[in-house]
Amino acid sequence: MIIDLPDREATVNLGEKLGQTLASGSVILLKGDLGAGKTTLVQGIGLGLGIQEPIASPTFTLVNEYNEGRLPLYHLDLYRLQGQDIEALYLENYWQGIEVDLGIVAIEWSERLTFLPENYLEITLLDRGEQGRRALLNFVGGDEKNSDPTGIAIST
Ligand SMILES: Nc1ncnc2c1ncn2[C@@H]1O[C@H](COP(=O)(O)OP(=O)(O)OP(=O)(O)O)[C@@H](O)[C@H]1O
Ligand SMILES: [Mg+2]
């Protein structure tokens, strides 16, 4: 599914819809170059979940947790990591809800992952210069008949 995002607000709005509709245990794998809009999209997800605290890039903290919304949000950025460092984070605990409450997991620089969850929403953000950004959404795994469990395609 392709969604054009002419400006920053459009990116936030797409995230907001995801935050309102995604089920507990959803994993969003974000892809795209530096400055493509990954953190902006997660800020929208935070809004949709009803998180008041401002969402900042977890580039240095690796993971930021927010527990005040409809569901917990775990926001990760793997930019500075690779291979074994990533395996040592035991990210599967987040999407399986082991030792943490099940919530929404959003991972920037998910290209770095060496293992993937069974079901996930892959979002690739492309910079289109003056035309803003383009988002490519791909729901991987799960029920094939339901390629858009959030209804995003209908509502945008
Ligand atoms: N649809 C859009 N059109 C134009 N600019 C946008 C759009 N969406 C986000 N931006 C802008 O792009 C810039 C970079 O956004 P952001 O920090 O979210 O990128 P990122 O992918 O997280 O980058 P990084 O790889 O460094 O983490 C911000 O200034 C943001 O306002
Ligand atoms: Mg970012």
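Counting starts at 1 for both ligands and their atoms, following the listed order.
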Original post:
Which atoms of ligand 1 have any heavy atom of G37 under 4.0 Å away?
Top reply: 15 (O), 16 (P), 18 (O), 19 (O), 20 (P), 21 (O)

**OP:** Measure the distance from atom 15 (O) of ligand 1 to every protein heavy atom, then report the residue, atom name and distance (to 0.1 Å) of the closest one.
**Re:** T40 OG1, 3.4 Å

Original post:
Can you list the atoms of ligand 1 that are under 4.0 Å from a heavy atom of L5?
Top reply: 1 (N), 2 (C), 3 (N)

Subject >> Heavy atom of the protein closest to atom 26 (O) of ligand 1 (residue, atom name, distance) >> reply: L34 CD2, 3.4 Å

Original post:
To which of R8, E9, E108 does the heavy atom nearest atom 27 (O) of ligand 1 belong?
Top reply: E108

Original post:
Rounded to the nearest 0.5 Å, how far apart are CG of L29 and NZ of K31?
Top reply: 6.5 Å

**OP:** Any chance you could measure L126, atom CG, to L136, atom CG, to the nearest 0.5 Å?
**Re:** 5.0 Å

**OP:** Mind checking the CG-CH2 spacing from L81 to W109? Nearest 0.5 Å is all I need.
**Re:** 12.5 Å

**OP:** Give a yes or no on whether atom 29 (O) of ligand 1 lies under 4.0 Å from any heavy atom of the protein.
**Re:** no

Original post:
Nearest to atom 17 (O) of ligand 1, what protein heavy atom do you find, and at what distance?
Top reply: T39 CB, 4.0 Å

Original post:
Quick one: which of T61, I107, I86, V42 gives a side-chain contact (heavy atoms from CB on, under 4.5 Å) with L76?
Top reply: I107

**OP:** Have a look at ligand 1 and work out which part of S57, if any, has a heavy atom under 4.0 Å from it: side chain, backbone, both or neither.
**Re:** neither

**OP:** Quick one: name the protein N/O/S atoms under 2.8 Å from the Mg ion (ligand 2), chain by chain.
**Re:** T39 OG1, E108 OE1

Subject >> Closest approach of any protein heavy atom to atom 12 (O) of ligand 1, naming residue and atom >> reply: R133 NH2, 3.0 Å

Original post:
Heavy atom under 4.0 Å from ligand 1: found in D7's side chain, backbone, both, or neither?
Top reply: backbone

Subject >> Which segment of Q43 sits under 4.0 Å of ligand 1 when only heavy atoms are counted >> reply: neither

Subject >> Candidate list R8, E16, H75, K38, test side chain to side chain donor-acceptor pair (under 3.5 Å), partner Q43, passing option >> reply: R8

**OP:** Considering heavy atoms of the protein only, find what lies nearest to atom 25 (O) of ligand 1 and give residue, atom and distance to 0.1 Å.
**Re:** K38 NZ, 2.8 Å

Original post:
In terms of hydrophobic clustering (I, L, V, M, F, W, Y; side-chain heavy atoms under 4.5 Å; direct or indirect links), are Y74 and Y90 co-clustered?
Top reply: no

Subject >> Option nearest atom 24 (P) of ligand 1 (shortest heavy-atom distance, choices A10, G35, G32, G132) >> reply: G35

**OP:** Run the numbers for me: atoms of ligand 1, each under 4.0 Å from some heavy atom of W109, listed by number.
**Re:** 25 (O)

Original post:
Which residue owns the protein heavy atom closest to atom 8 (N) of ligand 1, what's the atom, and how far is it?
Top reply: T11 OG1, 2.8 Å

